[in-house]
Amino acid sequence: MGKTFAKPEALSDANTHYCPGCTHGVIHRLVAEVIDELGIRGRTVGIAPVGCAVLAYNYFTFDFQEAAHGRAPAMATGIKRVRPDLMVFTYQGDGDLASIGMGEIIHAANRGEKFTTVFVNNAVYGMTGGQMAPTTMPDQRTTTSPFGRNVEEVGMPIRVAELLAALQTPAYIARQAVIHPKFIKKAKRCLKAAFTYQLENRCFSFVEMISTCPTNWGMTPLQALKWAEETMLPYYPIGELKTPEATPASN
Amino acid sequence: MGKVLMKGNEAIGEAAIRAGCLNYFAYPITPQSEVAEYLSRRLPEVGGVFLQGESEVAVSYMIFGAAAAGERVFTTSSSPGISLMSEGISYIAGAQCPAVFVNIMRGGPGLGGILPSQADYLQATKSIGHGDFRLLVMAPAGVQEAVEMMMRAFPLAEKYRNPVMILGDGLIGQMMEPVEFRDDLRIEPTNKDEWATNGMDTRGDNRRNLVKSLYLDPDELNNHNLRLKEKYERMKREEVRYEAYRTETDYRVLIVSYGTMSRVCRTAIDLLAEEGLPVAMIRPQTLFPFPEDAVREAAAGKSCRAVASIEMSMGQMLEDVERSVQGKRPVRWYGKCGGDVPTPEEVIAFVRSLID
Amino acid sequence: MQSETQFAGFGGQGILLMGKILAHAAMEEGFEVAWVPSYGPEMRGGTAYCTVVIGDRPIGSPIIRNPKYLVAMNLPSLEKFAPTVKPGGAILINTSLIPVDVEREDVTTIKVPAVDIAKEVGNVRAANIVALAAFVAKTGLVPLERIRSCVEEEFSAKPQLIPLNMKALQRGEAAVAERETA
């Protein structure tokens, strides 16, 4: 009988630097499993963001580029345009993608660039120490919103998946969560679908992952999972928002 | 193939193709948008990649991504656009990827103007972005030279795994001159498997490549900076290019000038020679590395009374000229900004003022 | 030897093209050439001008304040640039649109009703070719035959326009010849 639980080949032996209870490790593993299952490790190039996952390249065993803050979709565009045979994905957090890199992600999605984006939404800037993100929930306290996010002043959190799904260019846009095994299974299915659309040279593909940041939320890992489910999921509903087969009718 | 009459901007685009670079990402900006217009028609004909990015910032990272994947790639822009690209250029230099950037300069600061200028000399040669790095900078004085510099830019970028910049003023881009595309100048790309993130299958090995500029360990970063420094020192030893004009005469004034400005100076020097006043010129073709030795030796000429840095900027190259002359002769600046290129007559009047 | 020709007129009169054809012809004749445009907002709707420098040695300064020749296709151009022409030079005036004379004794004037001739030929837009032919016939900067082949090359993508432009060339040349025999 073979191993029932083994480390994916696409995942390295390095210990991660992530905090206890952080969900980046789960998402890394899902990405690695999908890459193994599709047999694409030898032609995959990952792009690391600026943020907590800046060192993501240490945890994978295939080619990696490290981007500047927010620019990963532009780099992915550059690679994919000159080497369409490579499989390219960006791995970006909410500060990186939804704040400083909003222009790059929208235009890459709208051009229908054939790469995949894994968007980690944990409602906070992690690496710089828990500052407010575009995805921070109303009234959520962060180090730069000490009295809670005041939507009168800074607006409502941005639903990136919905924003991208509103573009008329065909794409695969999904949101999942990695806060419970039942969600994680779905998350992997969507991630695999996203990479498969790229493999088939179909469209831009995007999976948002609702995640936790116990350290910067000031919670235990379990409290964080509960908070994400109760506070984030109602605002960030999970599911496939758009597939290239069924583009929302232009009305 | 014979000569064709071409606008500098179009010739630059064609030269890239002749150099074997079929990948171009850009954002329109006057006075160089003709490069993008030309290549948007031409690159599809040769199976190349043309993409108009959403901003210069994004374009600089498209360049980064493509360069890191091991392909020849370039972009063109003008001063304000180059400022926006400077972030990406820093990352590319830090990650040691080869790429070519063309800056067809216009006046500044800020939005400035759209007429020819050499206002970005210091930016290009000293510090185009954050961090401790240099670009190899070449400055053409005509359309034919711009073409030849483009042909050299790609192999040089690969030799040093460093961005190379062609620094032209608006006139170089807008002017039409006869050009000849010499295929014998083409140098094939180097094998990049050692470092490029072109996919393990492409290289046929199981060792992954990583392109990055992040070094959190201070010793590692210091060593990285030392390696970069060694590249820039090697450029100084091996890549200095300049043209000496009438330095065989008993010149009384030495002019240092580059690009379009140097052509005005050449005319002024010819007219002054007819009037019996011998003047010589060193025309830097590389701005980094700067032809320090040539300028110093020419300034030390027996009959040379003064050195003039003549530029379409407010004394930016002057600093390099002064550094080269090392106080052995008085060094003076003359120039104009805003696009009103000094005439030969104005240069003559200035040169005479140095003698009287 | 070096000559400088400034072409000036309204945007849309084909000013830049006149210069380009002359520069192209001179290049084919083995001369060094530079074609220097005005560029920027003034390109759009306002005055358009360009300068063609032709020489037997590499062209030095491409910036010309005092050209040897001026081809003025409208009145504002004449008023603006006529004073800058070198003494001993020449100015071509498109008399169809310029009702005044050059008030200089030290330059030669070439008068051509370029727009009227172009209308007779069949299209007002050929006025630039009429004027170019007259200018080249008068100055002898390059053989007219060379201008002819460069015009053909320029319009090779729109061959239906070639007969019209050939007629324009012929009439432009004839316009200055008539004047000389008159």
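Protein chains get the first letters and strands the later ones, always in sequence-line order, with residue 1 at the start of each.
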Considering only heavy atoms from C-beta outward, does the side chain of B:Thr202 approach that of A:Arg83 to under 4.5 Å? yes
Below 4.5 Å, heavy atoms only, C-beta onward: do A:Val54 and B:Leu214 meet side chain to side chain? yes
From A:Ile79 CD1 over to B:Asn198 CG, what is the distance, rounded to the nearest 0.5 angstrom? 10.5 Å
Can you confirm whether A:Glu66 sits close enough to B:Val211 that some side-chain heavy atom of one is under 4.5 Å from a side-chain heavy atom of the other? no
Identify which part of A:Ala76 has an atom lying under 4.5 Å from any heavy atom of chain B, answering side chain, backbone, both or neither. neither
Test item: A:Thr61 and B:Arg208 side chains (from C-beta on) under 4.5 Å apart, heavy atoms: no
If I measure from the heavy atoms of chain A, does B:Ser213 come under 4.5 Å with its side chain, its backbone, both, or neither? both
Heavy-atom proximity to chain B below 4.5 Å, by part of A:Leu55: side chain
Part of B:Leu51 within contact of chain A (heavy atom distance under 4.5 Å): side chain
Between A:Arg41 and B:Asn206, is any side-chain donor less than 3.5 angstrom from a side-chain acceptor? yes
Engaged part of A:Glu9 at the chain B interface, taking heavy atoms whose separation is under 4.5 Å: neither
Is there side-chain contact between A:Arg81 and B:Asn23, with heavy atoms separated by less than 4.5 Å? no
Between B:Ser60 and A:Arg71, do the side chains contain an N or O donor and an N or O acceptor separated by less than 3.5 Å? no
Is any side-chain heavy atom of A:Val82 closer than 4.5 Å to a side-chain heavy atom of B:Phe25? yes
Which distance, rounded to the nearest 0.5 Å, do you find between the CD of A:Glu104 and the CD of B:Glu54? 5.5 Å
Heavy-atom proximity to chain A below 4.5 Å, by part of B:Ala95: neither
